[in-house]
**Student:** 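What follows is a structure written as structure tokens; I'll ask about it next.
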Number of protein chains: 2
Amino acid sequence: MANIRDIAKMAGVSVTTVSRVINDHPYVSEEKRKAVIDVMRKVDYQVNRTAVSLSQGKSHLIGVVVPFVKHPYFGLLIEGIAKQAVENHYHFVLIQTNYEKEREQEALDMLKHKQIDGLIICSHRIELPTIEAYQQYGRIVVSENAAGNKSIDSVFVDHYQSFMDALAYLKHKGYKRIGYCIGRESGSNSYFRQLAYKEFLRQYPQKEFVFTENYYFEDGQKVMDEISELTEKPDALLVTSDVVAAGILTACKNAHMRVPKDMAIIGFDNQPIAKMMDITTFEIPIATMGERLFQHVLGKAINRHEELAINLIERGTV
Amino acid sequence: MANIRDIAKMAGVSVTTVSRVINDHPYVSEEKRKAVIDVMRKVDYQVNRTAVSLSQGKSHLIGVVVPFVKHPYFGLLIEGIAKQAVENHYHFVLIQTNYEKEREQEALDMLKHKQIDGLIICSHRIELPTIEAYQQYGRIVVSENAAGNKSIDSVFVDHYQSFMDALAYLKHKGYKRIGYCIGRESGSNSYFRQLAYKEFLRQYPQKEFVFTENYYFEDGQKVMDEISELTEKPDALLVTSDVVAAGILTACKNAHMRVPKDMAIIGFDNQPIAKMMDITTFEIPIATMGERLFQHVLGKAINRHEELAINLIERGTV
DNA sequence: TTAGATGGTGGAACGCGTTTCAGAGCAAGA
DNA sequence: TCTTGCTCTGAAACGCGTTCCACCATCTAA
């Protein structure tokens, strides 16, 4: 494979001139430009991006850390990220962690080793202060409320407030035993939601109903199975993912329970499935969030921390 | 940031020795090895992977082309790919194409520009012969039947035969008007399925029912809406994705149709949702396919073309 | 006429780890 | 004693594009 020096020799110019032609630098005479282009065409010259990366000190690659891609939440987030990547002529390395710390560490090391220019962390187990230390090697952005943090950018929605709003809404509609379903118990978003729930329970005492480890449609059945074991059952559920909400709704129907009469359901995300199944949900602009995350990692954002608005979409499950 | 030469100077050795220490080469005296390690620790030395890539001529990065990540089929495929990537100390660049040729071209160019060492193409619009020409720049693997092709590896299932089997199964069960739902009309897999359907129709003439552009759960409703417009309706559907099958099943229930009495459904993939909703389905080892694709792209496969077995899982929708 | 752009060009250094090769020291086998 | 053959070490070349800097030629404004 020909390199820039070969081209220079064949075209009878210096490597600098070839480089200039490649990068559309103005100070090249038409004559030489043409000569270089002709040679490049003849030998089918292709720049070696690795060499460009080494020389420029950046890879034009962003790392994206997600626990799993299968989930529609992260799928949509990646969708937004991918869109911005295309627009900015970047590509991204996907790191699926399954919430294993080693995988997250790998991503941080890639940043340290200059394999990637920046890192978008969509969800993580390694503690934020540890992550912060890697900010010196490249920009890091997280999709959770990291406001107050100076070195890490963040794009997020207010999960505390949205939970509070949702709980108040259900209360107002007359539900007395409200529970919630969430994915993993730990993590920033879960923390804020739990905080809101605790606060709600403090204000309006009732039995606590929390169902964890719910990610997919089929987990809806699991939740209903757990509920059927309870003597005192919830009459409303806040479900932090529409697909799980859809699964719960389906399980309810299979068990001949009436929704919302016997069980009210509020989903989150406003995924297409929520519309199709007429599920009341909190719309979270996930794809936009992905896009904003990308803007941040490129340093194109004005504020370090950005909160996105979410709003309730009232449909038939409350 | 310190580089290998700085380390060498500080430790009083040559760069070669430092390189040897980094790469665990045996021919280094304990004394020097220790000296080098001490210095590396002191200055927090980190190898520059870009430099390694340039030097070795490979990036340890694989490109993965998918039309969209949101879909559980590709989600699972990526899951398998990610698993093998971890095991082989590789990472991958995800290229979401939305079936745009420019995106696919970008992926091919990355290979040409040595940004990636190989390419896994899960679905594509650019024709295979065009893709083939890029094989000279790195290994390319596709997840469709490319047998007979010398330069491109492939991992696939026999969609023709599975469709034939499914159609025969429905016929045997007494269904008379069998149709099918598919994602996009074009593409290799769709082609083989169409071929099988045509052949079936030739053997057992009936009205043709084909529903295209069905990818997600919510598209199930769309299919049922289309069917409700027909005067002559199908009594059985082959649905090339379990999530769509689940959506159709849900739409059927909402319309108070009995499944399988009024409408039989066979899904594909055997996703968890199929189990939960008791959907008869063809199990396709998607994650395994992802893993095999990765093996192939690393050149670790014995045969260029690999067919994976699939089998029918009989449940309640037929 | 002169100082100061502006256009055009190339040599050489730079980014940084790997690898080849030559050479030295030393021990085991012939 | 001589030849192999291993262990250990480092200089230098290599992979390849970018960029700094020096330099020449024109041309313009003072």
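Just so we're clear, the structure is a prediction, and the values are computed from it rather than from any experiment. Order of the sequence lines sets the chain letters (A, B, ...), proteins ahead of strands, with each chain counted from 1.
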**Student:** Any chance you could list the contact pattern along nucleotides 16-27 of chain C? Use B for base contacts, S for sugar-phosphate-only contacts and - for none, protein heavy atoms under 4.0 Å, 5' to 3'.
**Tutor:** BBBBB-------
**Student:** Between atom CD in A:Glu31 and atom P in C:dG7, what is the gap in whole Å?
**Tutor:** 18 Å
**Student:** Are OP1 or OP2 of D:dT9 and a side-chain N or O of B:Ser14 less than 4.0 angstrom apart?
**Tutor:** no
**Student:** Would you check if A:Lys83 and A:Glu291 make a side-chain contact, meaning some heavy-atom pair closer than 4.5 Å?
**Tutor:** yes
**Student:** Looking at B:Ser29, does any N or O in its side chain come under 4.0 Å of the phosphate oxygens OP1/OP2 on D:dT9?
**Tutor:** yes
**Student:** If I take atom CD in residue A:Glu30 and atom P in nucleotide C:dT9, what distance separates them, rounded to the nearest angstrom?
**Tutor:** 10 Å
**Student:** Check the side chains of B:Glu144 and B:His159 for a donor-acceptor pair under 3.5 angstrom, ignoring hydrogens and angles.
**Tutor:** no
**Student:** Verify whether the ring centers belonging to A:Phe68 and A:Tyr215 lie closer than 6.0 Å.
**Tutor:** yes
**Student:** Taking NZ from B:Lys9 and C1' from D:dA11, how many angstroms apart are they, rounded to a whole number?
**Tutor:** 14 Å
**Student:** Establish, yes or no, whether the cationic atom of B:Lys70 lies under 6.0 Å from the six-membered ring centre of B:Tyr216 and within 45° of the ring axis.
**Tutor:** yes
**Student:** Quick check on DNA chain C: between A:Tyr27 and A:Gly12, whose nearest nucleotide comes earlier from the 5' end?
**Tutor:** A:Tyr27
**Student:** How close or far is atom P of C:dG10 from atom CZ of A:Arg33, stated in whole angstroms?
**Tutor:** 13 Å
**Student:** Taking atom C1' of D:dG17 as reference, at what distance in whole Å does atom NZ of A:Lys58 sit?
**Tutor:** 15 Å
**Student:** Report the distance from atom CG of B:Asp38 to atom CD1 of B:Ile7, rounding to the nearest 0.5 Å.
**Tutor:** 11.0 Å
**Student:** Kindly state whether the ring of B:Phe294 and the ring of B:Phe92 have centres lying under 6.0 angstrom apart.
**Tutor:** no
